[in-house]
K.L.:
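This is the structure I have questions about; it appears just below.
Fair warning: this is a prediction, and the values are worked out from it, not measured in the lab.
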Amino acid sequence: MEKWIQGFKTDMKLAIRTVKSTWKTYSAIFAAVFLIQMMFGVIGLSRENSIQSERETILAKYDSHIELTGLNDGDYYYLLESANSQLEPYYEVILYNAEKSFYNVGIYFTVDPEFGLSSFLTQFSAMFEDHGTVYTQTPLYVFDTAGAGDGVRHAVLLAVMGGFGFVLLTILNNIRINHFKFDYGIYMTFGADFKRLGRSTVCESLFIFALTYLPAMLVAFLAVCLMTWIAGGKPYFTFMPFVWALIIPAIVTVLATVVPIRWLTMRRPSHVLLAQDNANQVISPRRSRMIFATKFPYVSESLSLFRFSGYVCKLAAAGTLFSLLFTCGIYAVGFYDGTLTIPTPQYTVNLSMPDEALVDKINDIDGLTALSGTKIAASEKFSHLLLSKELVSDSTDFMVYPHDKNLFATHKVIYHAADKSLPQALTQHFGYEVSGDPSAVLTDSQSIIISESLASRQVLDIKPGDTVYLAMYGGQSQRYDPNAVYSGQGLLRMHLENYTFTYREFTVAAVIHNEPSRDGICIYLPAETYCELTESDDTVWSVYADADLSDAEFEKADKELRGLLTYHSIQDHETRAMRQLSLSHNYTAVYTAVFCIVLALVPLIWFFSLILFNGKRRGELDVYRALGATQKELKRIFMLDGVVMAAVGAIFYTAAAPICTFYMRRVLTSDVFFIFFLRSYIDKHVYLSAYPALWVYIAGIVLTVLSAFFASYISYRIYHKAQSEHISENFSQEG
C-alpha cells in the first residue's frame, strides 16, 4: 500500500509538471471538465432546492398523510385508543373538526406512508366498509411516497448526463491522443504499457479535475440562486449535490481517460509510430496530379481534404452530436413547459345525483369554471368506435372490422359527457384548435365532438359532417375462456368474436386537432346520450381556477365553493399551489441552461481538433510558402477548409436533426416515459408538436457552421502569428 501511495505521488507530480508546461494542449479538456461539473452542480442544486421548498409549502397547509371524514364518536375514540394502546404507534390522530358527533380528522403515519396506509386500511376496514367513512390522500402523502420514485428518476437523469460527459471527454481525449500518437508510440517502444500510460494520464485528468471543481461549483451555485431569485422563489440548499457533483464527474473523467489509452495500447508500437496523419485514415489518390499546374490552392487543398475525408467526417459527426443533444434537450424542455401551462382541475366534485342548478352556482363564483368530469373508457363498457377506413390516417391502434373489411374498429376511446360550458371552454380555456360547431352537441343528441389525435399522434383524418358509429353492448353470443388474459387489440378482438353489439350512428359536429389525451381518442357526447350509452350518471365535475387569480381572490373563491358544497365530496388537487411551486423552481430555465451548456461543447470539439490538426500541417504550409505561395493564398487554404467543414457539419445536422426529434417525440409520448418521469398528483397530459420551435434548429445549425468555419480561421491566425514571430526572430539573429 505504501509503495502504491508513493508511486501515485510520483505520478501526480509528473502529471502536474506536464499539464503546467503544455496547458494549451489541455485547454479544451479543462473547459469540458469545468462545464460537466457545472452541469451536475446545476442539476443537483436545483433538485435539492425544489425538494426542500416543495415540502415546506406542503407542510404549511397539510400536517397529515390522509384525511378522514364522516367519523362518529365510536370511530374517533377507537382510533385514539388503538394508537395509545401501542408501544410504538404507527400513526398519529389530528382532530380537525367535530360537529354534531361527526368528526373530521387527519392521520399522520410515523412509518413509511405506503406501509402505514396499507396497515391502517386493514386494521380499520370495518370503519370504511360498514360506517361509510371516507379517506382522501393529501399532497403530503403523495410527496412522501414519491420520494423513492423521484430518487430513481434523478439517478437516471444523472446517469444520462454522465453518459454525455463520458462521450465528450472520450472524444476530446481521443483527439488529443490521436494528434500525439507518435509521442505515445515512442513511449510504447521503450516499454510503456497500459498500466504505465494509464496511470500518468489519469493523474493528469485528476489534476485538471481538482483545479476546476471549486470554480465550477461556485458558478453553479450562483446560477441556481439567480434563476430561483428571478422566478420569485427562495433558495434551499444541502451539501449532497456538491458531493454528487464531485463523485460522478470524477468517475466519468477517469473512465473517459482510460478508455482511449486502453484502445491505443492494444495496438503495436510500430503501427502507432506510423500514425502521423492526424486521423489514421489517409486515402491516397490512385493517380498523381500535377497540382501546381492547376489553380492553386483549390485543387491541391481539395485533394488534401479528400485524403483526410475520414477525419473530416469523424470530426463533423462528433461536433454535430452535441448540437443534436441540444436540439433534443430543448425539445424535451418544451414538453415539460407545456405540462405547466395546460389547464388542470383544481377540484373534483362528486355529487350524489346530477344537479344542474348547483353546477350553475359554482360557475357563478368569480374565477371558477365547472366542467363535467364524467368520463369512461369504451373498453370498460364493452364498447368501441367504428368508422370507415378512409377516415383513419394511422391504423396502429385500429383493427379491421371482421364483418366489413371497409371499416376499422378501436376501443382506445374515452367517452366524455358534454355540458353547456364545454364548447366555449375548448378554445378559450383549454386553447384547443377546433374546427366545426362544437355547440351542436348541446342541441342534437346525434352529434359528437371528436379528437383526431392519440398521445400527440394524429390517427384520424376526419372532418365535421363525417359519420362514425359507437357500439352498445348487446350481450354474449358465445362462450370463451374467462381466465384468459387479453391486452391491446386482443381484448377488442375477443369482444367482437364473443359479444353482440348494436351501433348508433353519430355525426361529427366538431373536431379537436390537438387534444392531448394519452389514453384514447376523446369523444364528447351530449350528457343524456352519454348516460344512456355508458349506463352511468353525470355526477363528477372538474372545477378549474383561472390562472390570473390573485391569492386573495383565490382564497375567496375557495371559501365560497366549500361553503356551497358542505354536504358533497370535494377533492382539492392543489393544482394552483403545485404550479406556482414549479414556476418558482423555474425548471424550464434550469434545464434550458443545462442544454445550453451542452451546446457550448460544440465549438470546444471543433476548435480543439482543428487547431491541433492544422498545427501538424505547419511543415506542409511552409513548403507551399517556400514554393512561392502568398499569404493570401495560404489564407484561402484555411478558408476553404472552413467552408468544407461547415458544409459537412451542416449536412450532418440537417439530415440527423429531424430524425432525432422524431424519435425523441416517440420517447416523450410513450407510456413508460409518462409513468416514470412525471409526477402523479397533477394530470399532465400535454400535446407535443411534431418538431421543436424553428429557433432550436437554427441555433443548432448556426453554431455548428460557425464553429467549423471559425475553428479553421483561428487556426490560420495561429499559423500566421507563429510565422511572423519566426521571421522576426530570424531578422533579430541576423542583426
Side-chain angles (χ1 to χ4, degrees), residues 23-39 161-181 205 208 212 249 252-253 255-257 259-260 263 278-281 305 308-329 594-617 638 641-657 660 699-718:
W23 66 271
K24 288 184 179 180
T25 63
Y26 292 91
S27 57
I29 298 176
F30 268 103
V33 172
F34 175 85
L35 291 173
I36 290 170
Q37 290 169 334
M38 187 174 72
M39 183 170 61
M161 301 312 294
F164 292 163
F166 171 77
V167 171
L168 170 68
L169 288 176
T170 301
I171 290 172
L172 293 177
N173 282 314
N174 194 55
I175 290 172
R176 182 183 171 278
I177 291 171
N178 192 61
H179 284 285
F180 293 99
K181 273 185 177 177
S205 297
I208 294 171
T212 57
V252 168
T253 301
L255 290 177
T257 303
V259 170
W263 181 256
N278 297 295
N280 258 4
Q281 291 194 3
L305 287 170
F308 291 106
S309 58
Y311 167 75
V312 173
C313 291
K314 279 188 174 182
L315 176 59
T320 303
L321 171 64
F322 288 90
S323 296
L324 296 173
L325 291 177
F326 163 79
T327 302
C328 292
V594 167
F595 287 107
C596 284
I597 292 173
V598 171
L599 188 63
L601 303 175
V602 174
L604 201 63
I605 295 173
W606 284 100
F607 279 55
F608 184 52
S609 184
L610 280 177
I611 288 172
L612 289 177
F613 175 82
N614 289 310
K616 296 194 71 173
R617 296 187 64 189
F638 288 94
D641 289 353
V643 170
V644 172
M645 295 285 186
V648 174
I651 292 171
F652 275 37
Y653 180 85
T654 304
C660 290
I701 194 168
V702 165
L703 193 63
T704 299
V705 170
L706 291 181
S707 299
F709 182 80
F710 280 104
S712 293
Y713 178 75
I714 290 175
S715 298
Y716 164 73
R717 299 302 304 174
I718 292 173

K.L.:
Heavy atoms, side chains only, cut-off 4.5 Å: are F710 and P603 in contact?
P.N.:
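No. Closest side-chain heavy atoms not under 4.5 Å.
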K.L.:
To the nearest 0.5 Å, how far apart are OG in S712 and CZ in R717?
P.N.:
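So the OG of S712 and the CZ of R717 are separated by 14.0 Å.
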K.L.:
How close do R176 and T25 get, counting heavy atoms only, and between which atoms?
P.N.:
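Nearest pair, atom of R176 first, then T25: CD-O, 3.9 Å.
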K.L.:
Could you check whether any side-chain heavy atom of F322 comes within less than 4.5 Å of a side-chain heavy atom of L599, counting everything from C-beta outward?
P.N.:
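Not touching, per the 4.5 Å side-chain cut-off.
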K.L.:
Extract all donor-acceptor atom pairs below 3.5 Å that involve side chains of residues 700-707 and protein atoms in other chains or at least two apart in sequence.
P.N.:
unit_1 : atom_1 : unit_2 : atom_2 : d
T704   : OG1    : S323   : OG     : 2.7
T704   : OG1    : G700   : O      : 2.8
S707   : OG     : L703   : O      : 2.6

K.L.:
Starting at CZ of F30, measure out to NZ of K24 and round the result to the nearest 0.5 Å.
P.N.:
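If I round to the nearest 0.5 Å, the distance is 14.0 Å.
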K.L.:
Using side chain to side chain contact (heavy atoms under 4.5 Å, CB included) as the criterion, list what pairs up with I651, not counting sequence neighbours.
P.N.:
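Counting only residues at least two positions away or on another chain, I651 forms no side chain to side chain contact (heavy atoms under 4.5 Å, CB included).
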K.L.:
What distance do N614 atom CG and F638 atom CZ have between them, rounded to the nearest 0.5 Å?
P.N.:
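The CZ atom of F638 is 5.0 Å from CG of N614, to the nearest 0.5 Å.
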K.L.:
P249 and Q37: which non-hydrogen atoms are nearest, and at how many Å?
P.N.:
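Distance-wise, the nearest heavy atoms are CB-CG, 4.2 Å.
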K.L.:
Closest approach of A256 and L169, non-hydrogen atoms and distance?
P.N.:
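Between these two residues, the closest heavy atoms are CB-CB, 3.4 Å.
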K.L.:
If I compare all heavy atoms of I177 with all of P260, which pair ends up nearest, and what's the gap?
P.N.:
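Shortest heavy-atom contact: CD1-CB, 3.6 Å.
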K.L.:
Indicate the atoms forming the closest heavy-atom contact of A600 with L35, along with that distance.
P.N.:
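Minimum heavy-atom contact is CB-CD1, 4.4 Å.
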K.L.:
Which heavy-atom pair separates Y653 from T327 by the least distance, and what is that distance?
P.N.:
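Result for this residue pair: OH-OG1, 2.6 Å.
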K.L.:
State which residue, out of V167, L168, L325, fulfils the side-chain contact (heavy atoms from CB on, under 4.5 Å) condition with L601.
P.N.:
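Output: one option passes, namely L168.
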K.L.:
Compare all side-chain heavy atoms of L610 with those of I714 and state whether any distance is below 4.5 angstrom.
P.N.:
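With C-beta onward as the side chain, the pair stays apart.
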K.L.:
Let me confirm one number: the OG-OH distance from S609 to Y311, rounded to the nearest 0.5 Å.
P.N.:
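S609 OG to Y311 OH: 2.5 Å, rounded to 0.5 Å.
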K.L.:
From T253 OG1 over to I208 CD1, what is the distance, rounded to the nearest 0.5 angstrom?
P.N.:
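Nearest 0.5 Å value for the OG1-CD1 distance: 9.0 Å.
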K.L.:
How many angstroms lie between atom OG of S205 and atom CG of N173, to the nearest 0.5 angstrom?
P.N.:
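It comes to 5.5 Å.
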